[in-house]
Amino acid sequence: MTAFIATFWMGFKFLWRNPVNIAILVCFPIIIILILGNALAAYISPDTDLAPAPIAVASDPDGTLGMFLQTEDISRFLDITFTNREGAEQMAADETVIAAIFEDRGDISIVRPGVGGLHTQLVLSIIDSYKQIGSAATIAAMSGKDIYALLDMEVNVRDVPLGTRIPEAMDYYAVTMLVMILLYTGMNGMDLFSKGLLSDMGNRNRLSPISKPALIGGLLAASTVTSYLQGMATFIFTGAVYGVYWGERIPLVLLTLFAFVLFSQSLCVFLVMALRNQGVVSAIAQVFFWTSTFVSNGYMKIDFGAMDKVFQYAPNAMAHTIIFGAIFGGNEMKMTVFLIALFGISAVLFVLAFLCGRRRLA
Amino acid sequence: MIASMTNIVKRYRAHTALDHLDLAIREGETLGLLGPNGAGKTTAIRVLTGLTGVDAGEVRLFDSDTPVTASAVKRRIGLVPQDLALYETLSARDNLSYFGRLYGVTGAALKARVGEVLDVLGLSDVAGKSPKKYSGGMKRRLNIGCAIIHKPELLILDEPTVGIDPQSRNHILDFVEEMNRQGTTVLYTSHYMEEVERVCSRVLIMDTGRVIAEGSVEELTRTSLFEETVTLEVRDPAPALAEGIGKVQGVLRCEVEGRLLTVTSTAGSQNLARILENASPYTILGASAKRPTLEDAFLALTGKKLRDGSENE
């Protein structure tokens with residue numbers, strides 16, 4: 001136990017006293033949030049004096065989508081014309097609107113003339129929030145109407161928090177950023193395991209009487225705790241400075257963050273044990289981090305077409321789904337499956353890492 | 001014997017790093033291990049400490065059948081690796097404390113031992129600083145400190161003075177001598193013959209994975225060398241002088257260059273008096289006999305210079 005604690009404490013100090021690590025994992029995200037957060041907040045917030053975005057909506061104004069778009073917080077950003085399908089298509093073709101939205105038995109599609117700008121992103125985000133964040137429950141809470149009367153479908157019986165609100169730019173952005181930061185903390189695991197097992201220091205550790213479980217456990221505990229605390233720094237910072245809404249199911253959010261920290265550690269530890277070259281692992285990990293973040297979307301919605309169905313299983317996307325769901329209400333089954341998947345993938349990666357490194361540790 | 005390796009064979013694919021190596025370390029001695037690049041010194045140390053397995057042969061430590069990888073055995077060994085093995089973002093004190101705890105030294109005993117090691121290594125004043133801010137010599141000293149924090153009975157130093165200033169080298173050599181005086185058995189490898197000559201009571205010379213010579217420095221130089229050299233400085237030496245000296249028993253050749261006569265004889269000829277007798281008609285300005293060194297013995301035995309490039313096996 002002494003050796004385990006010694007290894008944990010050493011690893012913890014080693015990571016926290018590494019100025020590069022601190023710069024990348026604490027200062028960098030905070031600076032980015034300060035810059036981009038302010039930039040976004042300046043354009044998009046309930047207080048923004050933003051000219052309404054003209055859109056055409058081919059849907060029933062009294063349906064759930066129609067009501068959602070006409071709620072006070074949303075409608076102030078939009079100049080909505082309700083029309084039929086042909087009319088909406090024509091308006092999009094004439095570019096008199098920045099988007100045409102079609103609803104057909106619950107399926108929503110959007111036509112965007114050109115690549116779109118900030119207004120287009122705004123519309124996409126609003127529709128995304130409607131699609132992904134329990135819009136019916138949101139409308140029920142906001143309109144004061146009976147949710148059962150609004151929905152012509154089986155009702156997912158769950159308490160709807162009265163404080164439910166429409167997510168704002170920073171609510172999205174903070175989740176995306178936090179998840180990305182936690183993915184990056186995999187570098188902590190890579191650093192510690194590379195140094196503690198594969199280098200000359202590894203020989204020195206292995207020559208000492210410490211048991212393998214104590215050594216590996218100590219290193220893993222140090223990288224996990226450090227990474228989790230780094231994530232917490234962003235979590236608290238965004239809540240305190242930008243008033244980011246983390247919802248009322250904080251334990252579930254924190255559990256998801258923990259699962260994601262484990263995933264990021266397991267991924268990098270596996271890579272470093274398999275490839276045994278920190279430089280190569282670092283390069284591969286960076287590519288993966290950015291790719292996973294990019295395809296998982298965030299505040300800025302990107303349409304990947306058919307690939308969207310695949311990309312929803314990207315690690316960041318799974319974490320987004322669980323966290324957004326925990327905050328704003330979402331598909332409980334999907335959230336549970338994704339949470340179990342994150343723990344499961346981490347376990348598999350740790351086993352693979354052990355198998356790759358077992359000769360080295362023998 | 002505190003450690004022995006018997007008939008050890010270690011292969012890396014087609015390359016045989018250790019070829020039926022026999023090596024024994026006696027309790028209380030400082031054993032020097034010398035060898036040119038690729039001789040197998042580092043592999044021998046890795047096998048001895050259990051970091052590398054063997055294809056054949058037996059390793060015994062502390063006269064026990066307990067495997068070298070057992071905790072009880074590990075607690076009695078300290079290894080100073082060739083490359084620095086330190087956590088550079090931690091302070092010297094933290095590095096020492098970490099390794100102390102790994103070896104089961106805790107509490108007040110650990111605190112006292114850390115202070116003691118810092119003192120001995122001359123690092124007390126910088127104990128709170130990170131090794132990143134240390135000179136090369138200070139890092140080397142801390143590297144040693146991490147290996148002795150638990151007071152090992154067998155201390156293995158693999159090239160502990162590479163790339164450091166003379167002052168730090170002296171400090172380390174003094175320290176090794178002191179450790180040995182206090183009863184620690186030391187296995188010491190180095191590129192620097194003068195270090196081995198100074199600290200080692202016995203020397204093994206390795207080449208191509210096996211021990212090719214063994215003995216004290218004096219024994220090795222006496223038995224390995226075939227030639228001795230005497231240099232005379234003579235005013236106006238005539239060609240007849242070189243001829244005369246060339247006829248002295250044991251002299252292999254006599255070369256004249258200006259005032260200098262370099263006389264090479266078979267080792268052990270003991271013909272210095274007769275050489276001087278031949279030169280006595282001339283004014284002898286100076287005379288010197290080159291004392292054979294371990295470096296000469298090494299060259300004679302292996303045909304290689306020890307410091308041809310870096311040692312990486």
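Throughout, protein chains are lettered first and strands after them, A, B, ... in sequence-line order, and every chain is numbered starting at 1. Computed from heavy atoms alone, side chains included, the values below leave out hydrogens, waters and symmetry copies.
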Output the distance between atom [atom1] ([X]) and atom [atom2] ([Y]), rounded to the nearest 0.5 Å.
{"X": "Leu90(B)", "Y": "Trp9(A)", "atom1": "CG", "atom2": "CH2", "answer": "11.0 Å"}
{"X": "Arg204(A)", "Y": "Thr49(B)", "atom1": "CZ", "atom2": "OG1", "answer": "12.0 Å"}
{"X": "Leu86(B)", "Y": "Lys195(A)", "atom1": "CG", "atom2": "NZ", "answer": "7.0 Å"}
{"X": "Leu207(A)", "Y": "Tyr103(B)", "atom1": "CG", "atom2": "OH", "answer": "4.5 Å"}
{"X": "Phe99(B)", "Y": "Asn205(A)", "atom1": "CZ", "atom2": "CG", "answer": "5.0 Å"}

Please classify the contact between Ala147(B) and chain A as side chain, backbone, both or neither, with a heavy-atom cut-off of under 4.5 Å.
both
Does any heavy atom of chain A fall under 4.5 Å from the side chain of Asn143(B), the backbone, both, or neither of them?
both
Given heavy-atom pairs under 4.5 angstrom as the criterion, report whether the side chain, backbone, both or neither of Ser211(A) touches chain B.
neither
Counting heavy-atom pairs closer than 4.5 Å to chain A, which one of Val80(B), Asp94(B), Asn95(B) comes out on top?
Asp94(B)
Chain B interface, residue from Thr2(A), Ile210(A), Thr7(A) that has the most non-hydrogen pairs under 4.5 Å:
Thr7(A)
Please tabulate, for side-chain N and O atoms in residues 4-16 of chain B, each donor-acceptor pair with protein atoms closer than 3.5 Å (sequence neighbours left out).
unit_1   : atom_1 : unit_2   : atom_2 : d
Lys10(B) : NZ     : Gly53(B) : O      : 3.2

Please assess Arg46(B) against Asn203(A) for the test side chain to side chain contact (heavy atoms under 4.5 Å, CB included), listing each intermediate value before the final yes or no.
CA-CA 9 Å; Arg46(B) 291 179 63 84; Asn203(A) 286 339; 3.3 Å; yes
